[in-house]
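Read through the structure below, which is laid out as structure tokens, and then see the notes.
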Amino acid sequence: MNIRQLLDDRLTAALHSLGAPDTVSAIVKPSARPEFGDYQANGVMAAAKQLKTNPRELATRLLESVDLSDMAAKLEVAGPGFINIYLKHEWLAERLEETPPDLPLSGEEAKTIVVDYSGPNLAKEMHVGHLRSTIIGDAVARVLAFQGNKVIRQNHVGDWGTQFGMLIAHMVSLQAQGGELSMQLSDLETFYRAAKQRFDAEPEFANAARDYVVKLQSGDPECLALWQQFIDISLHHCEEVYERLGVSLTRADVQPESAYNADLANIVSELQAQGLLVEDQGAQCAFLEEFKNKDGSITPIIVQKTGGGYLYATTDLAALRYRSAVLHADRALYFTDARQSLHFQQVFTLARKAGFVRAGVSLEHMPFGNMLGEDGKPFKTRSGGTVKLVEVLAEAEERAFALVTQKNPELPETERQSIAQTVGIGAVKYADLSKNRNSDYIFNWDAMLSFEGNTAPYLQYAYARIKSIFRKAGAESFTSPISLQEPAERTLAMKLLQFTEATDSVAKEGLPNHLCTYLYELAGNFMSFYEACPILKEGVAEEVRNSRLQLADLTAQTLQTGLGLLGIGVMERM
């Protein structure tokens, strides 16, 4: 249940009944301080301005016209027209008992949502630059699916273009020398560098590579077979990374650039027929007035190069049309770095002008900043090269194993290895997901593996600590009703009931850090509750003990569900 939305709907309806325009809402938010209630409605002032009336008088009339007696113990007007809402203890307890955290309850109508994320270039192995798109997109896709939406994952991998002619030429050359391709391709980075060096240094090789591009795009069977072999090995590399990361992408989610190749000429001809393209220096370009610069010039969208080649814009237009007409998307979310923001704004605008997407489709670019090293510069190897993602994940597990061994050397090595994998991978993912995706963030091993602060190990430990309470209690059933008598019990109950608000926020804005902040605050609320409200201490009445065990169990469930939506695992003990 989204309590905030429920309150907002009821108060907004009452405001409208008092004559407020439909554009006005109650603007209900959690109160910043306990003395202001559990929630506060801040929209009366704006409504009063529209109605040209006194805001406190309007707030008073609003309270007279709305009935929240089933859930609220007290409503009061504060300040210039705020409304403070104090919820009933009994109502909160009842909601906790009927709404387990693994039951998705969203006030939003289910939609078909396409989520475009990860999208590595198959000419190379995945590097740290692919991490943010992959794990942010995956977390949002999980939340959207959890809410009951039909989520269609689209891994728009780069598998087409000039570099593949270069790679095929190198494959043909190695085959002619009797080389074993599968062995050569075991390290894609090395293979790519060798091909690139030959392309730059050997004119005959470069000419052959260009010829192979033409053959590939013309559907030459031998060329396509070599290309497919390279693609299969590249995708296998990606799948190994996805499995290690705990990312939900599969081979079935791959919808590569090449999938749209047959439609690219149609895209250009239809744009031409609608008068949306002009020829500029031999290229086919769209000049949109919406993107006029200060000097009056317009940065064009090039959809066909001089010589007839296509670009990312052409493929993205074809993908938009496919996602609207074939996949029937209501929303299409794109998780790419912020440097592509202008590109997507232009492509979305052109697609709408051309009628490539239905009018009701929401097109949303979800940009993110860079991962930086501790020097504040883009994260690189010491030699200045790109960092392979598998190397980062391996180091995360190694560091976590050393940490677990230091803390619990008595655990069997196999268990320590399992814990280290969950903690290490979780730490890398959470360090990213807990930051606002629009910002750059600094990659720091010590910070992400800390058991203090807003980190995955802290939350995983909080979960394990709760599970240890049940091992000590030996309790499998605790059926007494939940009772919220102590302030710490009530605070924890309120936070537990705000889980849906956190997931709704992630779904709406594509910001997993909202869920991370919620889980961190929940864990903190539980620690305060545990200190203030004894559970297993001698002398605690059985009904009180069982009520508090239920609160502890709901907290563990919520932590497990929330971390699971982020793609992060938990353990019974650490």
Side-chain angles (χ1 to χ4, degrees), residues 1-2 5 99-119 130-157 238-239 241-255 319 322-324 326-336 360-366 368 422 425-426 429-430 432-434 437 456 459 498-519 522 557-570:
M1 171 180 290
N2 189 325
Q5 190 63 57
T99 312
D102 57 353
L103 178 66
L105 291 173
S106 172
E108 299 292 324
E109 184 181 345
K111 294 180 173 66
T112 297
I113 305 175
V114 170
V115 185
D116 182 322
Y117 67 104
S118 193
H130 298 118
L131 182 64
R132 300 207 77 184
S133 173
T134 302
I135 63 177
I136 297 172
D138 196 59
V140 174
R142 286 171 183 267
V143 170
L144 290 166
F146 175 74
Q147 288 186 324
N149 296 293
K150 179 183 178 182
V151 175
I152 303 175
R153 293 163 171 82
Q154 294 277 274
N155 195 357
H156 189 84
V157 298
C238 293
E239 287 162 350
V241 173
Y242 294 147
E243 183 177 0
R244 196 165 187 177
L245 261 179
V247 165
S248 56
L249 285 170
T250 68
R251 183 73 67 104
D253 302 316
V254 173
Q255 182 71 7
Y322 171 77
R323 291 166 184 180
S324 174
V326 178
L327 300 181
H328 308 294
D330 299 306
R331 293 176 71 190
L333 314 184
Y334 289 72
F335 289 88
T336 72
V361 180
S362 177
L363 305 177
E364 305 168 44
H365 181 218
M366 301 284 184
F368 50 81
T422 304
I425 302 301
K429 295 176 77 171
Y430 192 88
D432 189 319
L433 295 170
S434 61
R437 63 169 163 76
L459 295 176
Q498 289 170 345
F499 178 61
T500 304
E501 294 175 31
T503 54
D504 282 357
S505 178
V506 175
K508 182 179 179 180
E509 301 180 48
L511 294 169
N513 63 298
H514 290 179
L515 179 55
C516 295
T517 299
Y518 166 83
L519 294 172
L522 174 64
Q557 289 182 51
T558 305
L559 287 171
Q560 183 176 25
T561 300
L563 286 170
L565 292 176
L566 298 173
I568 296 172
V570 292

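What's counted below: heavy atoms across the whole structure, side chains too, no hydrogens, waters or symmetry copies.
Side-chain contact between Leu327 and Thr112: absent, with no pair of heavy atoms (C-beta onward) separated by less than 4.5 Å. Between His365 and Thr336, the closest side-chain pair of non-hydrogen atoms falls below 4.5 Å. For the pair Lys429/Leu245, a side-chain contact is recorded, criterion being any heavy-atom separation below 4.5 Å from C-beta on. Between Leu433 and Leu515 the shortest side-chain heavy-atom distance does not fall below 4.5 Å. Between Tyr117 and Ile136, the closest side-chain pair of non-hydrogen atoms is not below 4.5 Å. Between Val140 and Pro512, some side-chain heavy-atom pair lies under the 4.5 Å cut-off. Considering only heavy atoms from C-beta on, Thr558 comes within 4.5 Å of Tyr518 through its side chain. Between Asp432 and Phe368 the shortest side-chain heavy-atom distance does not fall below 4.5 Å.
Annotation for Arg153 and Arg142: closest pair NH2-N, 4.0 Å, computed over non-hydrogen atoms. Residues Ser118 and Thr134 come closest through the heavy atom pair OG-OG1, 2.9 Å. Nearest heavy atom pair, residue Gly137 against residue Val115, reads O-CG1, 4.0 Å. Nearest approach of Arg437 to Glu509, heavy atoms of both residues: NH2-O, 3.0 Å. Ala319 and His156 make their closest contact through CB-CE1, 4.3 Å (heavy atoms, listed as atom of the first residue, atom of the second, distance). Across all their heavy atoms, Gly119 and Asn155 have their closest contact at N-OD1, 2.9 Å.
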From CA spacing to verdict: side chain to side chain contact (heavy atoms under 4.5 Å, CB included), Val506, Leu565: CA-CA 10 Å; Val506 175; Leu565 292 176; over 6 Å; no

Leu144/Arg331 under side chain to side chain contact (heavy atoms under 4.5 Å, CB included): CA gap, chis, key distance, verdict: CA-CA 11 Å; Leu144 290 166; Arg331 293 176 71 190; 3.9 Å; yes

Full working for side chain to side chain contact (heavy atoms under 4.5 Å, CB included) between Gln154 and Tyr322: CA-CA 11 Å; Gln154 294 277 274; Tyr322 171 77; 3.8 Å; yes

Step-by-step side chain to side chain contact (heavy atoms under 4.5 Å, CB included) determination, Leu459 to Ile568: CA-CA 10 Å; Leu459 295 176; Ile568 296 172; over 6 Å; no

Verdict with supporting geometry, Ser248 and Asp138, side chain to side chain donor-acceptor pair (under 3.5 Å): CA-CA 7 Å; Ser248 56; Asp138 196 59; 2.4 Å; yes

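Note that the NE2 atom of His130 and the SG atom of Cys238 stand 8.0 Å from one another [nearest 0.5 Å]. For the atom pair CD1 of Ile113 and CD of Gln147, the computed distance is 7.5 Å after rounding to the nearest 0.5 Å. Remark: His514 NE2 to Lys508 NZ distance equals 11.0 Å, nearest 0.5 Å. Distance CG/Leu559 to CG/Leu522: 5.0 Å, rounded to 0.5 Å. The CD atom of Glu239 sits 10.0 Å away from the CG atom of Leu249 when rounded to the nearest 0.5 Å.
Residue Glu243 qualifies as open at atom CD: its count of foreign heavy atoms under 6.0 Å is 12 or below.
For the pair Thr503 (side chain) and Thr500 (backbone), a donor-acceptor distance under 3.5 Å is present. In this structure a side-chain-to-backbone donor-acceptor pair under 3.5 Å is missing from Ser505 to Glu501. When atom types are taken as modelled, the side chain of Thr422 and the backbone of Val570 share no donor-acceptor pair closer than 3.5 angstrom.
No side-chain N or O of Tyr242 forms a donor-acceptor pair with one of Asp253 less than 3.5 Å apart.
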